[in-house]
Protein chains: 2
Amino acid sequence: MNKKIKLEDVAELAGVSKATVSRVINRRGYLSQKTIEKVEAAMAELNYHPNVIAQQLHTQRTNVIGIIVPTVATPFFGELTAELEQRLFKRGYKVLVSGALNNPGKERQYLQQLLGRQVDGLIIATHNADLPEYQHANLPIVAIDRFLRADIPVVASDNYAGATAACEALIARGARHIIHTDDLSPLNAQDTARQRAYEAVMQAHGWPAYTYPSLLDPVQTRASFQRIFTEHPEVDAIFASNDLDAATLLDLAVEIGYAVPTQLQIIGYDGTQTTQRLLPQLATVVQPLSEMAAQAVELLEAKLQQRATPTEVVLPVQVKFGRTLRPLPTKKALPKQK
Amino acid sequence: MNKKIKLEDVAELAGVSKATVSRVINRRGYLSQKTIEKVEAAMAELNYHPNVIAQQLHTQRTNVIGIIVPTVATPFFGELTAELEQRLFKRGYKVLVSGALNNPGKERQYLQQLLGRQVDGLIIATHNADLPEYQHANLPIVAIDRFLRADIPVVASDNYAGATAACEALIARGARHIIHTDDLSPLNAQDTARQRAYEAVMQAHGWPAYTYPSLLDPVQTRASFQRIFTEHPEVDAIFASNDLDAATLLDLAVEIGYAVPTQLQIIGYDGTQTTQRLLPQLATVVQPLSEMAAQAVELLEAKLQQRATPTEVVLPVQVKFGRTLRPLPTKKALPKQK
DNA sequence: TTGAAAGCGCTAACAC
DNA sequence: GTGTTAGCGCTTTCAA
């Protein structure tokens, strides 16, 4: 590695002052054409790149946004992160990404550092319990799908409506014994809207509601789901709170011998691009990932510019009717209600 | 937002000098217990967080590593990024992530800035053409799956062996008309090992080789693949260079009426966790994602510490035999070779 | 149109 | 044990 080239070296080679070089870099103030050329030649010759850190120290801005998600390895958060990154880049920001899955210690350590003005703002798509850091943080934050603090805006899709629509799609197609799977960890406390909706629908019909836990480890999750079929062989439909679980259930059901969708209907949740490519037959509730990212970035910009923001933005979801759902019975084929 | 609290404010409140506060923060040098307590109380009261940028300017290190991937929205690169991030975090680094898919301009702009010592090193899992920035970059870089420059180590899995194994798995199960799909874009020039292996295997058998392009847009890709079945109705096996394409082909084949695996066998490539969860029946070549990440981080650390590194690390892959492959014929069931 | 010098917030000699 | 001071590399008044 060469010695680090700095502004001063360029100034010296070009035979001008540091201030002039700085002006050339930033195209600020009056410059003679000749000076510009001299300086640029010197910069090129030395392969000079301004020290971003020094610039940042002066401007007190980093143009970096921190993103905290559970993990970028999962279709939903991977795609969300990609959308955020792309949109933020267009506005001149880079992103510092952290996966905090199941690791409050890491999230905390991470936050501690970011709070030292290493980032201009934060987009949080998860939160491990109630880290005190979030309460004291005094930099612009936007949360996705989770409530963090009264003055931190939340961008979410309409989980309650989506779950309701999913359950009703099943029921409209003849399902009577619907079981739900969801992430029940306490860390997920805010995210019970889907479960609440499921229970409300079941209750409205006077049917019992059963929720089976989705766990962090896929193998354990599969084992948990296996119990559905032994404990409730009468099950004729499953509403899974995410597509990965829905896929596991589909595989499990087929393995056990359920015919899908004739004997067992399945609907998932999220509807990412990846799922739609890998498992196009899966019915699911599609979250407006791209819109959510757009809104989050928009709100963050507003905060960065000290503009007022709504406390909450809720975006509509859409049911995708796939082959894991039966066809809707036609009117005349409908059995008379007793 | 409060006024920004700095070291000086803490020093003042605690009635000590800036140096002392700095010592307390960094636990360096001799400190009396009383002083430590005073200073920590002051820091807590002011909710002080050291300005990371100022620290960085002084230490000339950022403890940030830049990661450039095509996009984090895809299972392979999403999982790779997650692995990298996790491992780097354990070593005290944060990651600045950029998706450069199909956008040399963005990658270039991004690089330009990172070169300004905003990151201590770079892990490149893609490269758009031959950006001159890579040739002049003088910071530690490790490449994944792509050759960048003679002195930049490459971590890769054994693409040639993996593709060969995939084709041979098909042939061992009776396939005779194997078609290949791959990303043929010039940007992908380095990555033809899989195609070369496919062609070599076909040639060894005296069979014609056909490669169909996988495109950036899933819809166009599907259209491209559709032609396989009209132009080569005799096809009895497909080797797809990635699992997303394999899934599309599977869906397409079933839609058209091919029975899988009896009439048509399919094998993909990558074998990510996501694929294995969403489409467990898919046969595929599993890349050692986690090992690749580990090696990349290891090599980068070596470079950061000016230690010598190998120019190339090639990791073995593993074929996962799924239900999109026929069972292997037993010895005695094997037809006699003429 | 350009240069000199102060300062961004922190760390690390070097004194005391 | 603790304070003083000189930078880290850049930007930006303020002069010239």
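To find a chain, count down the sequence lines: A is the first, B the second, and so on, and within it residues start at 1.
With salt bridges taken as basic N to acidic carboxylate O contacts below 4.0 Å, none links Glu45(B) and Lys38(B). For the pair Glu291(B) and Arg87(B), the salt-bridge criterion is not met [side-chain N within less than 4.0 Å of a carboxylate O].
Along DNA chain C, the nucleotide closest to Asn51(B) and the one closest to Arg23(B) are compared, and the more 5′ of them pairs with Asn51(B).
In this structure, Arg117(B) reaches neither bases nor backbone, as no heavy-atom distance under 4.0 Å exists between it and the strands shown. When heavy atoms are screened at a 4.0 angstrom cut-off, Thr35(B) is found touching the sugar-phosphate backbone but no base atom.
Distance Leu57(B) CG to dT11(D) P: 12 Å, rounded to the nearest Å. Here dG9(D) presents its P atom at 20 Å from CD of Gln113(B), a figure rounded to the nearest Å. Taking atom NZ on Lys4(B) and atom C1' on dG7(C), their separation rounds to 15 Å, with Å as the unit. Following rounding to the nearest Å, Lys6(B) (NZ) and dT11(C) (C1') show an atom-to-atom distance of 16 Å. One atom, NE2 of His58(B), and another, P of dT11(C), lie 8 Å apart when rounded to the nearest Å. For the pair Gln60(A) CD and dT11(D) P, the computed distance is 14 Å after rounding to whole Å. Whole-Å rounding puts the Ile53(A) CD1 to dT11(D) P distance at 13 Å. The distance from atom OH of Tyr30(B) to atom P of dG1(D) is 9 Å, rounded to the nearest whole Å.
Here Arg28(B) does not reach the OP1 or OP2 of dT11(C): none of its side-chain N or O atoms lies under 4.0 Å away. Residue Gln55(A) places none of its side-chain N or O atoms closer than 4.0 Å to OP1 or OP2 of dG9(D). Dashed line: the shortest gap from a side-chain N or O of Tyr48(A) to OP1 or OP2 of dC10(D) is under 4.0 Å.
Remark: Lys6(A) fails to qualify as a cation-pi partner of Tyr48(A) under the 6.0 Å distance and 45° angle criteria applied to the six-membered ring. Note that Lys94(B) lies outside the cation-pi zone of Phe89(B), set by a 6.0 Å cut-off to the ring centre and a 45° limit from the axis.
A search for side-chain contact (heavy atoms from CB on, under 4.5 Å) contacts involving Glu298(A) returns Arg91(A), Arg307(A), not counting sequence neighbours.
Remark: the backbone N or O of Arg28(B) is not paired with any side-chain donor or acceptor of Asn26(B) at under 3.5 angstrom.
Of the candidates dC10(C), dG1(D), dT2(C), dT2(C) carries the atom nearest the Ser32(A) side chain, counting heavy atoms from C-beta on. The Ala54(A) side chain lies nearest to dC10(D) when the options are dG9(C), dT12(D), dC10(D).
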*Dump the intermediate steps for side-chain hydrogen bond (donor to acceptor under 3.5 Å, both in side chains) on Tyr110(B) and Glu133(B), then the final yes or no.*
CA-CA 10 Å; Tyr110(B) 197 79; Glu133(B) 279 72 12; over 6 Å; no
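The stretch residues 7-20 of chain A touches DNA chain C through Val16(A), Ser17(A), Ala19(A), Thr20(A), each having a heavy atom within less than 4.0 Å of the strand.
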